[in-house]
Amino acid sequence: MRSSKSRSRSKSNRNRPQNSGGNVVNRVFDSSGPEGKVRGTPQQIIDKYNQLARDAQLGNDRVATENFQQHAEHYLRMLGEAMREMEQRREEQERQNRERQAERDRERADRDAQQAAQPQQQQAPRQDSSDEPAAQTAPTSPMMPPMPVDTSDADRSDNGDSGLVETPESKPAKPRARRKPKPKAQGDAPEAAE
C-alpha cells in the first residue's frame, strides 16, 4: 500500500504546468518507457533510450528499436526547445543591458555637458561690473544648486575669532630645546688602554 506522503507529493507535482519556467535542461524526469521507468535529465534519458534502441537493433527487434528512438526523439525535442528558450532569454537580457548602458551613457554625457556649461554661467555674473559685489557661491556638484557663501566669517577672522574649536593639530608647534649631553666623568672611562 502507498503511503499518503508519496501520494500527496505526486498530486502536487501533477498540478504544475509542464512549461513552468524552471530549467528543463537540468530538471530530472521520470520517463515510463516500454522497458520500465527511465529517470534522469533530458540528456541522460536521450542517451539511455538511444542505448536501448541500439540493443534492440542488435537483437533484430525493429518495433522496439523504433519505439526507443521515438522516446529519445521526444526528449530531444524537449531539450532543443528548452535550449532555444534559454537562448532567447539570454539575447533579451543582453538587449536590455545594452539599452540600459546606452541610457547611462546618454545621462553621463548630459551631465558632463551641464558641468561644462555651469562654470561658464557662474563666471558670466562676475564679469558684470556693478556697484555691489556679486554674491560668492561655493563649488557644488552638478546635481546640487550653488550655495551662497557666508562672508561674515571673513570679518571674524580679522578679529582672530574664526568660530572654530582649536585643536592640538592647529596650534603652532613649540620649539623644543635640545638636551645638553652629560659630561663624561674621568673615572668612568674604561681601563683597557693600559
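Here, residue 1 is the first one in the sequence, and each next residue gets the next number. The basis for the numbers below is simple: all heavy atoms, side chains too, and nothing from hydrogens, waters or symmetry mates.
- Scored by the side chain to side chain donor-acceptor pair (under 3.5 Å) test, R62 finds no partners at all (sequence neighbours excluded).
- Ionic pairing of E87 and R90 is present here: one or more N-O contacts between side-chain nitrogen and carboxylate oxygen are shorter than 4.0 angstrom.
- Proximity of Y49 to H74: side-chain heavy atoms (C-beta onward) are nowhere separated by under 4.5 Å.
- Counted by atom type alone, N97 and Q101 present zero donor-acceptor pairs between their side chains at under 3.5 Å.
- Residues R100 and R104 form a side-chain contact, since some pair of their non-hydrogen atoms from C-beta on lies under 4.5 Å apart.
- Remark: E107 pairs with E103 by the side-chain contact (heavy atoms from CB on, under 4.5 Å) rule, at least two apart or across chains.
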**Prompt:** E92 and R95: salt bridge (charged side-chain N to carboxylate O under 4.0 Å, His left out), yes or no, with the steps?
**Reply:** CA-CA 5 Å; E92 178 65 20; R95 185 185 62 77; 2.3 Å; yes

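- Between R108 and D112, the closest side-chain pair of non-hydrogen atoms falls below 4.5 Å.
- Contact between Y75 and P42 at its shortest, heavy atoms only, is CB-O, 4.2 Å.
- Two residues are said to be in side-chain contact when any heavy atoms from C-beta on lie closer than 4.5 Å; L79 and V25 meet this criterion.
- Summarising the geometry of H71 relative to G33, their closest heavy-atom pair is NE2-CA, 3.8 Å, with the distance given to 0.1 Å.
- Counting only N and O atoms by type, the side chains of D47 and Q51 include no donor and acceptor under 3.5 Å apart.
- A salt bridge does not link R77 with E81: none of the charged nitrogens is closer than 4.0 Å to a carboxylate oxygen.
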